[in-house]
Amino acid sequence: MKTLNHTRAVQAALIAAVIGCANTAALADIRDYRFELVDQTIKAGADKVITVRLINHKTGKAVPGAVIFATRLDMAPDAMKEMVTKVTPVPDAEPGIYRFQATFSMAGRWQLTLGAKIQGETGTLENKLVVTAQP
Ligand SMILES: [Cu+2]
């Protein structure tokens with residue numbers, strides 16, 4: 001009886017390990033996605049629109065319907081992390097395309113941080129993109 005219980009415990013541990021692996025695999029899926037800048041540069045000034053594309057880089061397909069819940073735009077790439085500008089989402093025109101309006105008060109490199117949830121995927125996508133504002 002003791003041996004049987006022991007075997008069961010080992011089986012339970014193995015099942016737990018397998019489930020653990022499955023969870024890791026699901027979390028890894030979120031890494032198949034990324035945002036890409038449609039234009040690497042933008043004109044400095046008020047109310048400029050940044051356009052990004054969300055793709056699954058395994059399939060190469062555009063991904064519509066992502067819920068973007070965190071955005072930040074700052075000049076961290078030019079050592080001005082404290083220089084932050086407000087980011088306003090603009091309703092997306094085409095599937096897989098996401099637009100954000102912001103004021104680029106200064107020429108230089110700006111880092112856009114996006115947090116997103118993707119339909120059917122566990123976990124959160126976090127992406128940082130660097131856009132250059134030109135004078
Ligand atoms: Cu600056």
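All values below come from the heavy atoms of this structure, side chains included, with hydrogens, waters and symmetry mates left out. Ligands are counted one by one from 1 in listed order, and the atoms in each one are counted from 1 as well. Numbers here are sequence positions counted from 1.
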Donor-acceptor pair, R109 side chain versus P77 backbone, under 3.5 Å?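 Side chain of R109 to backbone of P77, a donor-acceptor pair under 3.5 Å: yes, one is there.
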
Sidechain-backbone polar pair: D74 side chain, A76 backbone, donor-acceptor under 3.5 Å: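 Judged by distance alone, yes, a pair lies under 3.5 Å.
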
Please work out the angle at the Cu ion (ligand 1) defined by atom SD of M75 on one side and atom SD of M106 on the other, rounded to 10°.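 So the angle at the metal works out to 110°.
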
Working to 10°, measure the angle at the Cu ion (ligand 1) formed by atom SD of M80 and atom SD of M83.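 Taking the Cu ion (ligand 1) as the apex, the two atoms subtend 110°.
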
Output yes if S105 passes the N/O/S-under-2.8 Å test against the Cu ion (ligand 1); output no otherwise.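 It does not; every qualifying atom lies at 2.8 Å or beyond.
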
Using side-chain hydrogen bond (donor to acceptor under 3.5 Å, both in side chains), reason through K117 and T124 one step at a time and then give a plain yes or no. CA-CA 5 Å; K117 291 279 185 195; T124 299; 2.9 Å; yes

Distance (rounded to the nearest 0.5 Å) between L73 CG and T88 OG1: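 The OG1 atom of T88 is 10.5 Å from CG of L73, to the nearest 0.5 Å.
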
